Amino acid sequence: MNIKIMAEALLEAERTKQPIAPLTETYENITVADAYAVQLAQIRQKIDTGATVKGLKIGLTSKAMQEMLNVYTPDYGFILDTMVYDEAGGLVAESFIQPKIEFEIAFVFNKELKGPKVTVQDVIDATDYVVPAVEVIDSRIANWKIKFEDTVADNGSSAGAILGEKRTLLKDIEDITNIPMIVKKNGEFLDEATSSAVLGNPLNAVVWLANEVSAFGISIEPGMFVLSGALSKAVTFETDDEFEVDFGLLGKVNVNISNEVVKK
């Protein structure tokens with residue numbers, strides 16, 4: 001299995017905004033291990049050209065997203081500095097291929113989390129604070145026709161992140177499994193969910209991630225953030241759309257789709 005060729009094909013699709021056929025069709029024998037190797041090859045190439053890792057994302061943690069994409073196992077991907085957007089700056093739809101937006105809780109860490117034996121208490125101890133967040137997902141695979149290996153190879157179908165401003169300590173959250181979320185699009189109700197949608201508890205998702213990435217010698221380092229997974233289905237967006245996402249105690253995060261964007 002030629003990891004380099006697959007990685008280059010996905011990088012070229014991202015550069016040209018011309019999606020490719022599913023890797024699972026072109027390379028029928030691709031394994032999950034191959035897919036993660038393809039993902040890492042792309043990330044390493046981007047790091048070699050100046051990008052830095054700011055965080056990690058966990059995908060496919062909620063039933064809504066699993067059913068939406070017909071993929072039933074969590075996965076992960078990397079968030080680079082080139083993928084982090086400022087809340088005030090908004091997003092440009094044309095910057096992506098076939099984007100969607102997800103709504104989730106982000107954990108920011110002040111201690112290292114290194115698997116393979118990370119526990120919920122370890123995650124609590126290592127967390128600095130949590131913030132409301134959105135993730136932009138995009139697929140370099142045509143028409144989102146993906147199987148698990150396709151989305152893994154494609155960096156968990158990740159394309160960007162916006163973190164809200166309000167910081168909340170875990171000790172100030174009475175029940176992290178019962179954080180409500182209400183989403184408005186263009187001023188009208190769009191969706192709602194609670195944090196229990198994420199593997200029953202967002203902390204469980206971070207435990208899963210820390211232990212999973214350890215197989216590749218990766219740890220969650222101080223200063224990094226983790227997008228713990230979407231609470232509800234991803235939705236498409238267009239220029240001039242506005243989203244307001246209210247996480248109750250955790251505060252709000254707003255996203256405007258405009259013609260100009262400000263990067264962090």
Side-chain angles (χ1 to χ4, degrees), residues 1-15 19-49 51-63 65-80 83 97 102 112-119 122-123 135 137-159 161 198-199 204-221 224-230:
M1 196 64 62
N2 196 315
I3 302 302
K4 184 177 180 180
I5 289 177
M6 288 187 281
E8 285 295 339
L10 286 166
L11 287 168
E12 181 66 12
E14 183 178 13
R15 282 192 292 265
I20 61 174
L23 297 181
T24 51
E25 291 182 1
T26 306
Y27 305 93
E28 294 182 0
N29 295 322
I30 186 174
T31 66
V32 174
D34 293 332
Y36 276 117
V38 172
Q39 180 189 120
L40 281 172
Q42 295 172 80
I43 297 303
R44 285 170 179 151
Q45 181 165 329
K46 290 180 178 182
I47 289 172
D48 287 345
T49 56
T52 59
V53 175
K54 288 294 186 180
L56 292 161
K57 63 78 54 91
I58 311 170
L60 304 168
T61 55
S62 68
K63 184 177 180 182
M65 283 305 299
Q66 290 175 348
E67 291 180 345
M68 182 177 183
L69 297 179
N70 199 32
V71 178
Y72 294 90
T73 304
D75 70 343
Y76 65 83
F78 291 82
I79 306 292
L80 304 176
M83 300 164 64
I97 301 172
E102 296 180 337
E112 183 185 38
L113 276 175
K114 187 174 184 179
K117 296 181 180 180
V118 168
T119 66
D122 292 331
V123 174
E135 181 186 2
I137 60 171
D138 198 5
S139 186
R140 277 59 68 170
I141 305 297
N143 301 315
W144 281 96
K145 189 180 178 183
I146 58 173
K147 294 182 179 178
F148 185 66
E149 293 82 1
D150 294 301
T151 188
V152 167
D154 194 21
N155 194 32
S157 302
S158 190
V198 181
L199 295 183
N204 292 336
V206 182
V207 169
W208 175 87
L209 175 68
N211 290 327
E212 193 75 9
V213 298
S214 69
F216 294 90
I218 298 167
S219 62
I220 300 170
E221 300 176 7
M224 288 175 60
F225 65 83
V226 167
L227 302 176
S228 60

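In this text the structure is predicted, and so the values were computed from the model without any measurement.
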With a 3.5 Å cut-off and no angle check, do the side chains of T31 and E149 form a donor-acceptor pair?
no
With a 4.5 Å limit on heavy-atom distance, are the side chains of P22 and K147 in contact?
no
To the nearest 0.5 Å, how far apart are CZ in R15 and CG in L10?
10.5 Å
Using the rule given for side-chain contact (heavy atoms from CB on, under 4.5 Å), can you reason through Q42 versus N155, listing the C-alpha separation, both sets of side-chain angles and the distance that settles it, and then say yes or no?
CA-CA 8 Å; Q42 295 172 80; N155 194 32; 5.6 Å; no
Side-chain (R140) to main-chain (D154) donor-acceptor, under 3.5 angstrom
yes
What pair of heavy atoms forms the shortest contact from I58 to V206, and how long is it?
CD1-N, 3.9 Å
Given side-chain contact (heavy atoms from CB on, under 4.5 Å), test I43 with L80 step by step and report yes or no.
CA-CA 8 Å; I43 297 303; L80 304 176; 4.3 Å; yes
Steps toward side-chain contact (heavy atoms from CB on, under 4.5 Å) verdict (V226, Y76):
CA-CA 10 Å; V226 167; Y76 65 83; over 6 Å; no
Quick one: does S214's side chain have a donor or acceptor within less than 3.5 Å of a partner on G217's backbone?
no
Does any donor atom in the side chain of S157 or T151 lie under 3.5 Å from an acceptor atom in the other side chain?
yes
To check you understand the geometry: which heavy-atom pair defines the closest contact between T26 and A21, and what is its length?
OG1-CB, 4.1 Å
Is the shortest heavy-atom distance from the side chain of I5 to the side chain of Y27 under 4.5 Å?
yes
May I ask you to decide if E221's main-chain N or O and S219's side chain share a donor-acceptor pair within less than 3.5 Å?
no
Would you give the length of the straight line joining atom CE of M224 to atom OG1 of T52, rounded to the nearest 0.5 angstrom?
10.0 Å
Separation between CD1 of I218 and CG of L56, rounded to the nearest 0.5 Å:
7.0 Å
D122 vs K117 side-chain heavy atoms within contact, under 4.5 Å:
no
Nearest heavy-atom contact between V118 and A210 is CG2-CB, 3.8 Å
So Y36 and F216, would you call those rings parallel, tilted or perpendicular, with 30° and 60° as cut-offs?
tilted
What I want to find out is whether K46 reaches E14 closely enough, with some N-O distance under 4.0 Å, to be called a salt bridge.
yes
Might you point out which heavy atoms bring D150 and L23 nearest each other, and give the distance in Å?
OD1-N, 2.7 Å
Mind running side-chain contact (heavy atoms from CB on, under 4.5 Å) on E112 and I220 for me, showing each step along the way?
CA-CA 6 Å; E112 183 185 38; I220 300 170; over 6 Å; no
Side chain proximity check, T119 to V207, heavy atoms < 4.5 angstrom:
no
Please examine the side chains of I141 and I20, heavy atoms only from C-beta on, and report whether any two atoms are closer than 4.5 Å.
yes
Closest non-hydrogen atom pair, G115 against N211
CA-OD1, 3.6 Å
For residues A41 and A7, report the shortest heavy-atom separation together with the two atoms involved.
CB-CB, 3.9 Å
Any side-chain heavy-atom pair from P74 and W208 closer than 4.5 angstrom?
yes
Looking at L199, is its backbone amide N or carbonyl O close enough to the side chain of N204 to form a donor-acceptor pair, meaning the two atoms are under 3.5 Å apart?
yes
